[in-house]
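Keep in mind that the numbers below use all heavy atoms, side chains included, and drop hydrogens, waters and symmetry copies.
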Amino acid sequence: MSMKILVGCKRVIDYAVKIRVRPDKLGVVTEGVKHSMNPFDEIAVEEAIRLREAKKATEVIAVSCGPTQSQETLRTALAMGADRAIHVDVPAK
């Protein structure tokens, strides 16, 4: 059996950062704020790697959609042990 696991990895504002609302009240301030991988996605990558190590899967692929900065999230997944990473480039607004 050659199961491949695809793990979605989202780039979010780091959980340790205090979130500030924009003055126009239409979102949050993202400029100059530290971003990281969603903590739940980190757990998913870890579990996928465990499955690969248990020989229940052959490959772990991390995928992220977003601006160029999303590549940092994919590098984190690769550092955790993912085999490949796919970035779907969606330009920032």
Side-chain angles (χ1 to χ4, degrees):
M1 176 167 63
S2 63
M3 179 171 67
K4 296 180 181 183
I5 300 175
L6 185 69
V7 182
C9 300
K10 185 172 171 92
R11 177 179 181 260
V12 296
I13 295 174
D14 192 82
Y15 64 90
V17 173
K18 183 173 180 167
I19 297 173
R20 293 178 292 140
V21 177
R22 290 189 342 210
D24 61 6
K25 308 262 191 245
L26 295 177
V28 296
V29 176
T30 57
E31 294 79 26
V33 176
K34 182 181 178 210
H35 287 76
S36 62
M37 185 188 302
N38 182 335
F40 296 105
D41 296 343
E42 287 182 15
I43 294 168
V45 171
E46 290 172 3
E47 188 59 33
I49 292 166
R50 284 189 196 110
L51 288 170
R52 186 191 63 206
E53 290 171 351
K55 306 290 186 210
K56 294 183 180 179
T58 57
E59 187 175 18
V60 175
I61 305 166
V63 65
S64 185
C65 300
T68 307
Q69 295 89 345
S70 297
Q71 292 177 5
E72 298 169 17
T73 304
L74 294 174
R75 285 190 196 100
T76 302
L78 290 169
M80 293 172 70
D83 299 305
R84 287 193 297 144
I86 299 171
H87 177 234
V88 179
D89 189 27
V90 178
K93 293 180 184 179

Trainee: Where do Ala57 and Ile5 come nearest, in terms of heavy atoms and distance?
Mentor: CB-CD1, 3.6 Å
Trainee: Do Leu51 and Val45 belong to the same hydrophobic cluster, where Ile, Leu, Val, Met, Phe, Trp and Tyr are linked whenever their side-chain heavy atoms lie under 4.5 Å apart, directly or via other members?
Mentor: yes
Trainee: Tell me whether Ile19 is reachable from Val17 by hopping between hydrophobic residues (I, L, V, M, F, W, Y) whose side-chain heavy atoms are closer than 4.5 Å.
Mentor: yes
Trainee: Run the salt-bridge test on Arg50 and Glu47 with the 4.0 Å N-O cut-off and return the result as yes or no.
Mentor: yes
Trainee: Quick one: closest heavy-atom pair of Val12 and Met37, and the distance?
Mentor: CG2-C, 4.2 Å
Trainee: Would Gln69 and Arg11 satisfy side chain to side chain contact (heavy atoms under 4.5 Å, CB included), going step by step from the backbone distance to the final call?
Mentor: CA-CA 8 Å; Gln69 295 89 345; Arg11 177 179 181 260; 3.4 Å; yes
Trainee: So, for Ser36 and Asp14, which heavy atoms are closest and what is the spacing to 0.1 Å?
Mentor: OG-OD1, 3.0 Å
Trainee: Judged by atom type as modelled, is there a donor-acceptor pair below 3.5 Å linking the side chain of Thr58 to the main-chain atoms of Met3?
Mentor: yes
Trainee: So how far is it from Gln71 CD to Thr76 OG1, rounded to the nearest 0.5 Å?
Mentor: 12.0 Å
Trainee: Around Arg22, counting heavy atoms of other residues, nucleotides and ligands shown, do more than 12 lie under 6.0 Å from its CZ?
Mentor: yes
Trainee: To check you understand the geometry: which heavy-atom pair defines the closest contact between Ala48 and Val7, and what is its length?
Mentor: CB-CG2, 3.8 Å
Trainee: Check His87 against Thr68 and note the closest heavy-atom contact, atom names and distance.
Mentor: CE1-CA, 4.1 Å
Trainee: Taking Asp83 for the side chain and Ile61 for the main chain, is one N or O donor matched with an acceptor at less than 3.5 Å?
Mentor: no
Trainee: Checking Asp41 side chain against Lys10 main chain: does a donor-acceptor pair fall under 3.5 Å?
Mentor: yes
Trainee: Side-chain heavy atoms under 4.5 angstrom apart, residues restricted to Ile, Leu, Val, Met, Phe, Trp, Tyr: same cluster for Leu26 and Val21?
Mentor: no
Trainee: Between CG of Leu6 and CZ of Arg84, what distance do you get to the nearest 0.5 Å?
Mentor: 9.0 Å
Trainee: Rounded to the nearest 0.5 Å, what separates atom CD in Glu72 from atom SG in Cys9?
Mentor: 13.5 Å
Trainee: Which heavy-atom pair separates Cys65 from Val90 by the least distance, and what is that distance?
Mentor: CB-CG2, 4.4 Å
